[in-house]
Amino acid sequence: MKIYDLSQPLNERSSFWPYYPPFEVKYIKRKAEHGVNAQYIMTSNHMGTHLDAPRHFVTAGKTIDELPLEWLCGPGVIVDLRDEMDELAVFTPQMIEKRVQVKPGDLVLLHTGWHRYADFGATPDEERYYHYHPGAHPDLVPWLLEKKVHVWGVDCVSTDHPMNLPIGRFLGKGMHGQCDKVRAKAEQKFGGRAAVEKMFPDSAYQLTHNALFPKDCIHIENLGGEIEAPELQNKRLIVGCFPWKFKGGEAAFCRTVAFMGEWTI
């Protein structure tokens with residue numbers, strides 16, 4: 001049995017979701033003075049590799065501590081989409097199914113290659129990572145429900161496409177204008193304003209969150225680590241997502257891992 005870590009590092013250097021507070025850490029005890037090192041942290045939940053619970057978008061939805069363990073570890077796939085992913089690309093069910101067999105109830109992890117632009121990635125580029133990442137095509141929503149998927153994930157800052165997020169709709173409007181730059185690039189990519197509005201209508205705002213969380217289909221964001229190991233690509237394996245048992249939590253940092261081979265002691 002070999003274990004692969006599919007998680008991104010997280011500390012005070014990590015960038016954070018627009019409008020959310022950052023990760024803060026400081027020592028409250030030091031070995032020389034107190035005989036022990038101890039730290040204090042303050043943070044939002046939505047940075048680094050993390051799992052969103054239904055409660056994130058559903059008032060009475062399940063919280064992290066209420067998630068069944070069988071959702072969090074079991075058979076799954078890692079799907080290598082890198083050859084079809086560029087700035088503002090959309091990933092579709094067809095792209096997944098032509099690469100690997102997805103069975104009902106699988107954990108589905110999508111490898112777009114975008115983790116390389118994260119803070120601790122191979123080629124860090126914060127604006128590219130946040131503003132121009134790939135995202136879900138609308139067809140992915142009914143497909144995930146048909147497959148009875150409870151947990152899926154991406155190596156991007158969000159499962160949703162930037163045009164279904166503040167990034168492409170109002171980030172920096174009237175100030176830095178990030179959303180205007182993203183929209184212009186999207187219109188160039190998809191064939192004009194009408195095409196963008198058809199694929200990303202107002203009703204699809206934060207689509208994978210709003211449409212899937214009420215159905216208990218949730219996701220992991222900011223995957224990374226060893227996700228690009230050649231032996232993992234387009235393979236069926238065991239996937240585990242391990243958040244801390246956060247009572248009442250709408251999301252939680254998690255360690256996501258892949259297991260390959262026979263389980264031996």
Side-chain angles (χ1 to χ4, degrees), residues 15-20 46 52 54 56-58 79-99 102 108-118 125-147 149 152-215 217-223:
S15 54
F16 47 93
W17 188 253
Y19 310 116
Y20 279 48
H46 299 277
D52 288 348
H56 185 35
F57 270 70
V58 181
V79 190
D80 185 4
L81 301 172
R82 286 175 291 179
D83 62 320
E84 296 194 66
M85 294 294 105
D86 56 8
E87 291 188 343
L88 300 179
V90 291
F91 38 79
T92 68
Q94 292 77 19
M95 292 178 185
I96 297 169
E97 290 188 323
K98 73 182 182 182
R99 288 169 167 82
V102 178
V108 178
L109 305 185
L110 304 182
H111 177 200
T112 71
W114 223 251
H115 63 283
R116 66 187 183 275
Y117 301 121
D125 186 333
E126 184 175 328
E127 288 186 329
R128 197 172 190 187
Y129 187 68
Y130 275 81
H131 296 172
Y132 301 108
H133 61 84
H137 187 280
D139 289 349
L140 199 71
V141 168
W143 181 83
L144 287 165
L145 295 175
E146 179 185 339
K147 291 292 184 180
V149 170
W152 65 293
V154 295
D155 60 338
C156 304
V157 69
S158 178
T159 54
D160 274 314
H161 192 277
M163 290 309 303
N164 280 337
L165 292 168
I167 294 158
R169 300 209 181 197
F170 55 80
L171 183 65
K173 194 73 174 175
M175 186 170 56
H176 302 299
Q178 293 100 328
C179 61
D180 298 319
K181 297 173 188 176
V182 174
R183 174 169 285 275
K185 186 165 286 193
E187 291 180 358
Q188 182 180 24
K189 180 178 183 65
F190 295 110
R193 180 175 180 178
V196 168
E197 291 179 350
K198 182 178 180 180
M199 185 177 289
F200 309 107
D202 289 345
S203 59
Y205 182 62
Q206 295 187 319
L207 176 65
T208 61
H209 296 73
N210 279 311
L212 292 175
F213 282 23
K215 306 290 187 181
C217 179
I218 58 178
H219 55 238
I220 310 160
E221 293 169 326
N222 295 316
L223 291 168

*Between His115 and His111, what is the ring plane arrangement, given parallel below 30°, perpendicular above 60°, and tilted in between?*
tilted

_Pairing residues for Pro214 by the side-chain contact (heavy atoms from CB on, under 4.5 Å) criterion, not counting sequence neighbours_ = Val58

Show me the donor-acceptor pairs, under 3.5 Å and distance only, between side chains in residues 172-179 and residues at least two apart or in other chains.
from: Lys173; atom 1: NZ; to: Asp180; atom 2: OD1; distance (Å): 2.8

*Does any pair with a residue in residues 162-171 pass salt bridge (charged side-chain N to carboxylate O under 4.0 Å, His left out), and if so which ones, sequence neighbours excluded?*
Arg169-Asp202

_Backbone of Thr208 reached by a side-chain donor or acceptor of Asp160 within 3.5 Å_ = yes

_What's the separation between atom OG in Ser158 and atom CG in Asn222, rounded to the nearest 0.5 Å?_
9.0 Å

_With Thr112 via side-chain hydrogen bond (donor to acceptor under 3.5 Å, both in side chains) - residues at least two apart_ = Asp155

*Looking at residues at least two apart in the chain, or sitting in another chain, which of them share a salt bridge (Lys or Arg N to Asp or Glu O under 4.0 Å) with Glu127?*
none

*Output all residues satisfying side-chain contact (heavy atoms from CB on, under 4.5 Å) with Ala118, sequence neighbours left out; order by chain, then residue number.*
Gln8, Tyr129

Could you list the donor-acceptor pairs under 3.5 angstrom formed between side-chain atoms of residues 131-145 and any protein atom two or more places apart in sequence or on another chain?
from: His137; atom 1: ND1; to: Asp139; atom 2: N; distance (Å): 3.0
from: Trp143; atom 1: NE1; to: Glu97; atom 2: OE2; distance (Å): 2.9

*Of the options Ile220, Leu110, Val102, which is the one that meets Trp152 in a side-chain contact (heavy atoms from CB on, under 4.5 Å)?*
Leu110

_Test salt bridge (Lys or Arg N to Asp or Glu O under 4.0 Å) applied to Arg116 - qualifying residues, sequence neighbours left out_ = none

*Asp86: salt bridge (Lys or Arg N to Asp or Glu O under 4.0 Å) partners, not counting sequence neighbours*: Lys189

*For the residue pair Phe200 and Phe190, categorise the inter-ring angle as parallel (less than 30°), tilted (30 to 60°) or perpendicular (more than 60°).*
perpendicular

*Please identify each residue that fulfils salt bridge (Lys or Arg N to Asp or Glu O under 4.0 Å) with Glu187, with sequence neighbours left out.*
Arg183

*Of all residues at least two apart in sequence or in a different chain, which pass the side-chain contact (heavy atoms from CB on, under 4.5 Å) check with Glu84?*
Met95, Lys98, Arg99

*Rounded to the nearest 0.5 Å, what separation is found between the CD1 atom of Ile96 and the CZ atom of Phe91?*
7.5 Å

*Positive for ring pair (Phe, Tyr, Trp, His ring centres under 6.0 Å) with His46, one of Tyr19, Phe16, Tyr20*: Tyr20

*Rounded to the nearest 0.5 Å, how far does CG of Asp80 lie from CE of Met85?*
10.0 Å

*Apply side-chain contact (heavy atoms from CB on, under 4.5 Å) to Phe57 and list each qualifying residue two or more places apart in sequence or on a separate chain.*
Gln206, His209, Asn210, Phe213

